[in-house]
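Take a look at the structure below.
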Amino acid sequence: MKELNYAEIGTRIRQARKERGWSRDVLAKKSNISPFYLGHIERGTRRMSMDTFVNLCRALGLNADRLIWGSMQPVKTDFQNIRQHMDPKGDDTYSMYIKIIKLIADNIVDKP
């Protein structure tokens, strides 16, 4: 798993703020934090709480992936992980997987 780089996150927050033509005071007010604290976040010298991060995302209208990684990150579902091991042209493994998945789905649906 990739480690968080708080300096890069701060840089992305600053860039997004400047793209909107906002001063540090404006974004700080919209995010319910002080401009001084926002400056630390933008420089990566202080870590923010999850609440502050969510407030910044909302104020900037950006999703978390954009601020954390710089782009949307693909999410592999459990089914996609299983699917990559199945070869419909290969042996009977594919049909076995399908039968198992159908059995599990039927049991889940039948449960109250």
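Since the structure is predicted, the reported quantities are computational estimates derived from the model, not experimental observations.
- Residues W69 and R12 form no side-chain contact, since every pair of their non-hydrogen atoms from C-beta on lies 4.5 Å or further apart.
- Put simply, the side chain of N32 does not reach to within 4.5 Å of the side chain of D51, judged on heavy atoms.
- Taking hydrophobic clusters as Ile, Leu, Val, Met, Phe, Trp and Tyr residues chained together by side-chain heavy-atom distances below 4.5 Å, I33 shares a cluster with M50.
- Within the model, atoms OG of S23 and CG of L38 stand 9.5 Å from one another, a figure rounded to the nearest 0.5 Å.
- Annotation: side chain of R20 is not in contact with side chain of L27 (no heavy-atom distance under 4.5 Å).
- With contacts defined as side-chain heavy-atom distances shorter than 4.5 Å, the pair M48/I13 qualifies.
- Between I9 atom CD1 and I68 atom CD1 the span is 5.5 Å, to the nearest 0.5 Å.
- Rounded to the nearest 0.5 Å, atoms CH2 (W22) and NZ (K29) are 13.0 Å apart.
- Separation of atoms CD (E19) and CG (L62) is listed at 8.0 Å; rounding is to 0.5 Å.
- Closest of all the heavy-atom pairs between A64 and F53 is CB-CE2, 3.6 Å.
- Separating the CD1 atom in I41 from the OG1 atom in T11 is a distance of 12.5 Å, to the nearest 0.5 Å.
- The structure places CZ of R17 at 11.0 Å from CG of L56, a figure rounded to the nearest 0.5 Å.
- The two residues E42 and R14 come nearest to each other via the heavy atoms O-NH2, 2.9 Å.
- More than 12 heavy atoms of other residues, nucleotides or ligands lie within 6.0 Å of CZ in R43, so this atom counts as buried by the packing criterion.
- Closest approach of A59 to S31, counting heavy atoms only: CB-OG, 3.7 Å.
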